[in-house]
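Residue indices begin at 1 and follow the sequence shown.
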Amino acid sequence: MITMRYFAWVRERIGADSEEIEVPATVLTASDLIDWLAGRGEQFAFLADQKLVVRVAADQQLIGLHDELGEACEIAIFPPMTGG
């Protein structure tokens with residue numbers, strides 16, 4: 001089981017801030033995860049269009065789309081951050 005956490009407008013679109021999910025063994029990378037999530041239902045479908053925009057963190061470490069999830073217990077998906 002993986003704890004998924006969703007932040008900001010990602011959370012608003014999905015309608016939840018977190019959930020526990022069982023991810024198929026075929027989901028190896030952050031890109032695979034986003035594709036799989038986008039296929040879970042209407043509230044997740046927008047992720048397919050936002051794949052290059054959203055950021056992914058595995059166990060609180062930012063990872064790229066092609067990085068493997070490994071044995072991560074927590075995955076967060078959030079919009080890009082800006083500073084000032």
Query raised in the report: Can you tell me how far the OG1 atom of T3 sits from the CD1 atom of I75, to the nearest 0.5 Å?
Result: 9.5 Å
Query - Salt bridge R40-E19, side-chain N to carboxylate O under 4.0 Å - result: yes
Report summary line: Scanning both residues in full, the closest heavy-atom pair of A30 with G64 reads CB-O, 3.5 Å
Query - Gap separating the CZ atom of F78 from the CZ atom of R55, nearest 0.5 angstrom - result: 8.0 Å
Query raised in the report: With hydrophobic residues grouped by side-chain heavy-atom distances under 4.5 Å, do F7 and L65 end up in a single group?
Result: no
Query raised in the report: Same cluster or not: are W9 and V56 linked, directly or through other Ile, Leu, Val, Met, Phe, Trp or Tyr residues, by side-chain heavy atoms under 4.5 angstrom apart?
Result: yes
Requested in this report: Can you measure from NZ (K51) to CG (D35) and round to the nearest 0.5 angstrom?
Outcome: 3.0 Å
Report task. Considering non-hydrogen atoms only, spot the tightest contact between A72 and I2 and give its length. Result -> O-CG1, 3.8 Å
Requested in this report: Answer with yes or no whether the hydrophobic clustering places F46 together with L52; edges join I, L, V, M, F, W, Y residues whose side-chain heavy atoms lie under 4.5 Å apart.
Outcome: yes
Query raised in the report: Side-chain heavy atoms under 4.5 angstrom apart, residues restricted to Ile, Leu, Val, Met, Phe, Trp, Tyr: same cluster for L62 and V53?
Result: no
Query - Non-hydrogen side-chain atoms of D59 and C73 separated by less than 4.5 Å - result: yes
Query raised in the report: Does NZ or CZ of R11 fall inside the cone over Y6's six-membered ring, less than 6.0 Å from its centre and within 45° of the axis?
Result: no
Query raised in the report: Less than 4.5 Å apart, any side-chain heavy atom of L37 and any of I21?
Result: yes
Requested in this report: Go through T29 and L69 one step at a time and tell me if the side chain to side chain contact (heavy atoms under 4.5 Å, CB included) criterion holds.
Outcome: CA-CA 5 Å; T29 66; L69 301 174; 5.8 Å; no
Query - Interatomic spacing from CD in E74 to CE in M1 - rounded to 0.5 Å - result: 14.0 Å
Query raised in the report: In Å, rounded to the nearest 0.5 Å, how long is the span from CD of E68 to CG of D32?
Result: 9.0 Å
Query - Co-membership, hydrophobic cluster, residues V54 and L28, 4.5 Å side-chain - result: no
Query - Pairwise distance CE(M4) to CD(E20) - rounded to 0.5 angstrom - result: 10.5 Å
